[in-house]
Amino acid sequence: MNHGIEQRQSQHGQWSSRWAFIMAATGAAVGLGNIWKFPYITGQHGGGAFVLIYLVCIFIIGIPVMMAEIMIGRSGRQNPLDSMKSVAVENGRSSHWRWVGALGILASFLILSYYSVIAGWSLAYVFKVAVPSFIERSPQAIDASFDNFVANPWKLLFWHSVMIIATAVIIAKGVEKGIEKTVYVMFPAMLTLLGVLVVYAMESGHFAQSVSYLFHPDFSKLKTHGIVAAMGQAFFSLSLATGSIMMYGAYLPRSASVTKAAVVIALSDTFVALLAGLAIFPVVFANGLEPSSGPGLIFETLPIAFGHMPFGNVFATLFFVMLVFAAFTSAISLLEPSVAWLIETFKIPRRKAAIISSFGIWFVGLVTVVSFNWAANIKLFKLTMFEVLDFLTANIMLPLGGFFIAIFAVWFLNRDVARRELQLPDGKLFSTWRFVVRYISPVAILVVFISVIV
Ligand code: PFF
């Protein structure tokens, strides 16, 4: 019965090696979520206790669900919607499971619409900080410059458009020639640059305070919505339930170990988030800035930090280049699921699919562009439209998708198929995975959801 699964090939080609997959998937995971979002939401939710919950979520939900996703993608070898459907049908289950894949594609579409706007800020900052006089300004002037920047919808629109076009161009080139080649250059460059920054931060004198801020949990500072945000951040940061990881899994050669890949990707992602925190908080504390200042945090703090460094503008430029690279390798992973779905459903060429999907995403992105200026006062439950999109995707759609993926992988997928796909012997490791995905991950997701409602 499962012969079909063994034989199937993705119609978009394959990674050239398992390293290509690991690098592409780690590139998808490491992005603005680690360097831009993790520090500011950690700041908004009070530090250590939030970080602890985040780490727990990575281990009990993130890694097991990631294994399930790669496994389903590699079995299905199509876009997330059709992979879910064919794996379900091959295991004698309802084709309605495809809706879980559809939810993922929709999430990746919505996330990229705002992700590209923020990636655009990063690109704009490459040019801003390259001018030496910019980082020499007073902290207040640097803050004000950020506020003025986001108040101008035309600027945001310009940079958002540049990011979307660049992403579409790479995706139009395909898996090996587009995604793989880009990631091979950008990912190592990004890691090197981040390392340089952490070394600088360690010398700035406020490092110990940052370590304590990040690693000493004070639960009195953590509210229920902080717990939801920590779980949402774990999903967002690992790129789970968006179809991205499932999609990349579809291009994975059969020889690669899903378990090892998932562990390497998740640990690298977590490591980068913590490194980013360690690089950014010393600067925040050293300059008396507010850790809870929100999405502008790194755009306000880092130029100030670099202002105190020899060759500061060179390092600042490098930093924002790194951020753009990190964002870009994630953005391409967000575009691929909807593009693959268009190609496979409507039998259209990749180029055309890339144009259609990226245009739609660009258009929806206008909502985020204006939510920082013209429409800043339009609010739903006190949240701006950008915040609503972020909340809806990261804190609701992703955990919901993750819940169903977990349920599917152990309650509906044949046990032996799962074991063979994960390439695990029938031993402790496999039983532990099943136990966690069966009882712990879904229950943890439900408990967090219910805790918000009551
Ligand atoms: N994981 C990426 C980050 O942390 O920036 C964001 C992301 C990429 C989310 C791809 C979801 C996704 F499918």
Under the rule for side chain to side chain contact (heavy atoms under 4.5 Å, CB included), what residues qualify as partners of I356, not counting sequence neighbours? L342, I348, K352
Output for pair (L81 CG, L103 CG), nearest 0.5 Å, gives 10.5 Å
For Q78, give me all partners under side chain to side chain donor-acceptor pair (under 3.5 Å), at least two apart in sequence or on another chain. S86
Kindly say whether G31 contributes a backbone atom to a donor-acceptor pair with the side chain of N34 at under 3.5 angstrom? yes
To the nearest 0.5 Å, atom CD1 of I445 lies from atom CG of L400 at 8.5 Å
Run the ring-ring contact (aromatic ring centres under 6.0 Å, His included) test on F404 and W99 for me, step by step, so that the C-alpha distance in whole Å, both residues' side-chain angles and the decisive distance to 0.1 Å come before the verdict. CA-CA 10 Å; F404 284 112; W99 296 113; over 10 Å; no
In terms of the angle between their ring planes, are Y125 and F149 parallel, tilted or perpendicular, with boundaries placed at 30° and 60°? perpendicular
Taking only residues two or more places apart in sequence, or in another chain, which ones meet K37 in a salt bridge (Lys or Arg N to Asp or Glu O under 4.0 Å)? D390
From S83 OG over to R98 CZ, what is the distance, rounded to the nearest 0.5 angstrom? 14.0 Å
Using the ring-ring contact (aromatic ring centres under 6.0 Å, His included) rule, take F403 and F449 through it: C-alpha gap first, then chi angles, then the decisive distance, then the call. CA-CA 11 Å; F403 175 80; F449 268 147; 8.2 Å; no
Does E344 reach the main-chain N or O of W341 with its side chain, forming a donor-acceptor pair under 3.5 Å? no
Please tabulate, for the side chains in residues 175-190, all donor-acceptor contacts under 3.5 angstrom to protein atoms that are two or more places apart in sequence or on a different chain.
residue: E180; atom: OE1; partner: S16; partner atom: N; Å: 3.0
residue: E180; atom: OE2; partner: S16; partner atom: OG; Å: 2.3
residue: T182; atom: OG1; partner: G178; partner atom: O; Å: 2.6

Considering residues at least two apart in sequence or located in another chain, which fulfil the ring pair (Phe, Tyr, Trp, His ring centres under 6.0 Å) criterion with F146? W121, F299
Donor-acceptor contacts under 3.5 Å from residues 323-337 side chains, at least two apart:
residue: T329; atom: OG1; partner: G27; partner atom: O; Å: 3.0
residue: T329; atom: OG1; partner: F325; partner atom: O; Å: 3.2
residue: T329; atom: OG1; partner: A326; partner atom: O; Å: 3.1
residue: S330; atom: OG; partner: G27; partner atom: O; Å: 3.2
residue: S330; atom: OG; partner: A28; partner atom: O; Å: 2.9
residue: S330; atom: OG; partner: V30; partner atom: O; Å: 3.1
residue: S330; atom: OG; partner: Y115; partner atom: OH; Å: 3.3
residue: S330; atom: OG; partner: A326; partner atom: O; Å: 3.3
residue: S333; atom: OG; partner: S330; partner atom: O; Å: 2.7
residue: E336; atom: OE1; partner: R350; partner atom: NH1; Å: 3.2
residue: E336; atom: OE2; partner: Y251; partner atom: OH; Å: 2.6
residue: E336; atom: OE2; partner: R350; partner atom: NH2; Å: 2.9

If only atom types and distance count, is the side chain of R74 paired as donor or acceptor with the main-chain N or O of L252 below 3.5 Å? no
Could you tell me how the ring of F408 sits relative to the ring of F412: parallel (under 30°), tilted (30 to 60°) or perpendicular (over 60°)? parallel
Is the backbone of V150 close enough, under 3.5 Å, to the side chain of N373 for a donor and an acceptor to pair up by distance? yes
Would the distance check show the side chain of S441 and the main-chain N or O of I60 forming a donor-acceptor pair, the cut-off being under 3.5 Å? yes
For A250, does its backbone N or O pair with a side-chain atom of R77 as donor and acceptor, under 3.5 Å? yes
Determine which pairs satisfy salt bridge (charged side-chain N to carboxylate O under 4.0 Å, His left out) with at least one residue from residues 425-437, sequence neighbours left out, and list them in order. R415-D426
Would you please name every residue forming a ring pair (Phe, Tyr, Trp, His ring centres under 6.0 Å) with F386, sequence neighbours left out? Y114, F372
Please check this pair: side chain of N91 against backbone of R93, looking for a donor-acceptor N/O pair closer than 3.5 Å. no
Show me the pairs that pass salt bridge (charged side-chain N to carboxylate O under 4.0 Å, His left out) and involve residues 186-197, at least two apart or across chains. none
Please check if the number of heavy atoms outside R18 that lie under 6.0 Å from its CZ is greater than 12. no
Residue list, side chain to side chain contact (heavy atoms under 4.5 Å, CB included) with L275, at least two apart or on another chain: L194, V198, F271
Taking only distance into account, with no hydrogens and no angle test, what donor-acceptor pairs under 3.5 Å do side-chain atoms of residues 156-171 form with protein atoms, sequence neighbours excluded?
residue: H160; atom: ND1; partner: S116; partner atom: OG; Å: 2.6
residue: H160; atom: NE2; partner: W362; partner atom: O; Å: 3.0
residue: S161; atom: OG; partner: L157; partner atom: O; Å: 2.6
residue: S161; atom: OG; partner: W362; partner atom: NE1; Å: 2.9
residue: T167; atom: OG1; partner: M163; partner atom: O; Å: 2.7

Are the side chain of R351 and the backbone of A172 linked by a donor-acceptor contact shorter than 3.5 Å? no
For I41, is there any backbone N or O sitting under 3.5 Å from a side-chain donor or acceptor partner on Q233? no
S357 side chain to A354 backbone, donor-acceptor under 3.5 Å: no
Going by ring pair (Phe, Tyr, Trp, His ring centres under 6.0 Å), name the residues that satisfy it together with F363, two or more places apart in sequence or in a different chain. none
